[in-house]
2 protein chains.
Amino acid sequence: MKEKQNTLFVGSLAKGLKLLRAFDETATEMSLTDLARRTGLDKSATQRLANTLHVEGMLDKDPETKRFRPSHAWLELAYAYFWSDPLVKQAMPQLIDLSQRLGSTVNLTELSGDHIIYVSRLPNGSSQFSATLVGRRLPALNASAGRAMIATWSPEERQHVVDTWPIQQFTPKTTTDRDVIRAGVEEAAQMGYATTQNQMILNQTGIAAPIIGPDGRAHAAVQCSVSSHHWSFDRIQEELLPYILDAALTIAPQSRGGY
Amino acid sequence: MKEKQNTLFVGSLAKGLKLLRAFDETATEMSLTDLARRTGLDKSATQRLANTLHVEGMLDKDPETKRFRPSHAWLELAYAYFWSDPLVKQAMPQLIDLSQRLGSTVNLTELSGDHIIYVSRLPNGSSQFSATLVGRRLPALNASAGRAMIATWSPEERQHVVDTWPIQQFTPKTTTDRDVIRAGVEEAAQMGYATTQNQMILNQTGIAAPIIGPDGRAHAAVQCSVSSHHWSFDRIQEELLPYILDAALTIAPQSRGGY
DNA sequence: ATAAAGAGTATCATATTATGATATCTAGTC
DNA sequence: GACTAGATATCATAATATGATACTCTTTAT
């Protein structure tokens with residue numbers, strides 16, 4: 001077996017993780033053979049690894065169907081993450097405050113490679129299910145939060161990022177033209193915040209303010225989602241923006257190290 | 001090395017998981033030696049496993065301090081969990097609705113062994129930091145949510161559980177007398193909901209309604225926390241309870257399998 | 001300034017541990 | 001009642017993980 005490099009890389013552990021990561025929106029519970037298929041591992045390996053995961057409490061196993069599912073331990077890991085991320089402690093009170101004041105959905109997002117990830121979500125009003133869940137990742141260029149972050153970087157970095165980072169089409173109106181995205185990012189750099197429309201969900205407007213780190217660059221943002229029906233640009237600018245910007249500023253202090 | 005049983009148990013994987021679970025409220029980032037100490041694994045093993053975890057993106061490593069921290073992948077696992085748990089999809093809209101209507105903190109909790117775990121939290125108003133985080137576990141007997149669930153079980157089960165499950169003292173006023181807890185559970189069985197005061201945090205009242213499964217037994221609950229200063233029992237009963245009970249009822253359908 | 005300590009990193013020979021092919025058992029289908 | 005698909009168990013083999021040791025680097029103390 002060649003696996004990855006050598007000697008300070010434990011193949012079995014990596015394979016075990018592969019099993020964990022095989023679960024997603026589409027695969028929420030899996031039989032042994034499902035797991036084997038999905039991970040590309042052979043039957044026996046899957047059997048042993050899945051069993052280990054089960055014994056260790058990382059996978060629940062339905063005694064009837066013999067299918068595996070994520071266990072509560074997955075939430076405990078998230079809990080540990082929240083404690084480990086100083087930004088969360090820093091931001092939580094502000095976000096709650098903001099959520100109540102605005103009565104809209106408020107999110108804390110961080111940069112994760114070339115994607116953003118929702119670290120904390122305070123949903124308000126009816127949203128898509130997935131729009132209420134922590135841990136969701138989106139291409140940074142598609143999201144208002146991502147653009148707000150990138151906008152705080154140097155012109156060269158912005159250029160490079162807009163040219164190379166991935167884009168994904170979510171709605172018929174999702175911007176796929178990089179020049180249009182570039183314009184959005186540059187505007188955000190001017191204004192100090194970013195807005196998007198119809199990017200993830202039709203008739204949804206996103207407003208995001210960067211949480212700027214000690215080096216002047218952001219890799220986190222406060223983000224807010226509202227319905228474009230109820231919220232004109234003017235109204236957003238008057239009733240939402242000041243508070244969002246203020247929250248982002250208050251949270252600002254130090255953030256996380258590199259990724 | 002004896003590890004656990006044999007042949008369908010992969011020791012290296014179990015050890016790797018041990019590293020992940022070494023992180024908690026108190027240990028939010030750790031050096032190699034910290035990890036070794038905390039897990040009881042030897043230096044070399046820790047080195048190899050931590051490195052594997054790092055390469056696989058499960059642990060971030062500060063290039064300066066060489067310390068390890070949970071990565072964003074931990075949140076992605078939580079995301080997968082949310083999709084796998086039918087109750088979450090079922091409950092989310094109701095919880096958001098409830099949160100807005102009551103203006104108070106609303107939680108979805110599930111039973112996890114003899115503890116409850118917060119699966120979804122919609123904080124409102126200022127709370128303790130830990131009271132805003134998904135994934136937190138509490139002894140079921142201490143929590144209103146736990147008592148509300150247990151109250152739906154048979155008298156024999158209730159008896160056994162109240163006698164044997166763990167209790168922990170969080171505040172000077174936390175109930176540690178099992179007979180008092182028993183009374184609380186029995187009352188909850190009568191009323192169809194449970195309330196507690198000063199159990200986790202002083203001057204905090206918890207109200208919980210069981211989410212009853214197809215077999216008539218609950219292992220999940222809708223829970224709400226309010227300040228005892230602002231909320232008299234009468235007011236709670238009039239302004240909160242009906243909605244909480246209604247939400248729990250609406251969510252009810254089918255829940256998860258055994259644990 | 002120099003030594004000592006502490007922590008991170010790298011190497012290597014050994015056998016323990018994971019491997020995966022095969023066989024058996026169980027449950028649903030036609 | 002025969003057939004299929006999936007879950008579970010067994011086992012000989014060598015490939016893989018092991019952990020002792022040695023090497024570097026940075027920090028603290030003398």
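To find a chain, count down the sequence lines: A is the first, B the second, and so on, and within it residues start at 1.
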Nearest-nucleotide pick for [X], side chain only, options being [options]:
{"X": "L8(B)", "options": "dT18(D), dA9(D), dT16(D)", "value": "dA9(D)"}
{"X": "V10(A)", "options": "dA17(D), dA9(D), dT19(C)", "value": "dA17(D)"}
{"X": "T33(A)", "options": "dT19(C), dT8(D), dG6(D)", "value": "dG6(D)"}
{"X": "S44(A)", "options": "dA9(D), dT18(D), dT19(C)", "value": "dA9(D)"}

So, does [X] get its side chain near the phosphate of [N], meaning an N or O under 4.0 Å from OP1 or OP2?
{"X": "S31(B)", "N": "dG8(C)", "value": "yes"}
{"X": "K15(A)", "N": "dT16(D)", "value": "no"}
{"X": "K66(A)", "N": "dG6(D)", "value": "no"}

Rounded off to whole Å, could you give me the [atom1]-to-[atom2] distance for the [X] and [N] pair?
{"X": "L13(A)", "N": "dT18(D)", "atom1": "CG", "atom2": "C1'", "value": "15 Å"}
{"X": "E29(B)", "N": "dA7(C)", "atom1": "CD", "atom2": "C1'", "value": "15 Å"}
{"X": "D62(A)", "N": "dG6(D)", "atom1": "CG", "atom2": "P", "value": "17 Å"}
{"X": "N51(A)", "N": "dA9(D)", "atom1": "CG", "atom2": "P", "value": "9 Å"}
{"X": "D42(A)", "N": "dA9(D)", "atom1": "CG", "atom2": "P", "value": "17 Å"}
{"X": "E64(B)", "N": "dG8(C)", "atom1": "CD", "atom2": "P", "value": "14 Å"}
{"X": "L41(B)", "N": "dA20(D)", "atom1": "CG", "atom2": "P", "value": "13 Å"}
{"X": "R67(B)", "N": "dG8(C)", "atom1": "CZ", "atom2": "C1'", "value": "13 Å"}

Whichever of K43(B) and L32(A) has the more 5' nearest nucleotide on DNA chain D, that residue is L32(A)

task = Could you say whether M30(A) or Q47(B) is positioned toward the 5' end of DNA chain D, judged by the nucleotide with the nearest heavy atom to each?
result =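 Residue closer to the 5' terminus by nearest nucleotide: M30(A).
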
When K66(B), Q47(B), K43(B) are each screened for side chain to side chain contact (heavy atoms under 4.5 Å, CB included) with L32(B), the one that passes is Q47(B)

Is the side chain of H72(A) donor-acceptor paired with the backbone N or O of S112(B) at a distance under 3.5 Å, no angle test?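 Here the side-chain-to-backbone pair does not exist.
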
Worksheet entry | Cation-pi check, R217(B) onto W153(B) ring (under 6.0 Å, within 45° of axis) | yes

**Item:** Side-chain donor-acceptor pair present, E25(A), S130(A), cut-off under 3.5 Å
**Value:**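 Side-chain D/A pair, E25(A) to S130(A): absent.
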
W83(A) ring center within less than 6.0 Å of F129(B) ring center:
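Under 6.0 Å, so yes.
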
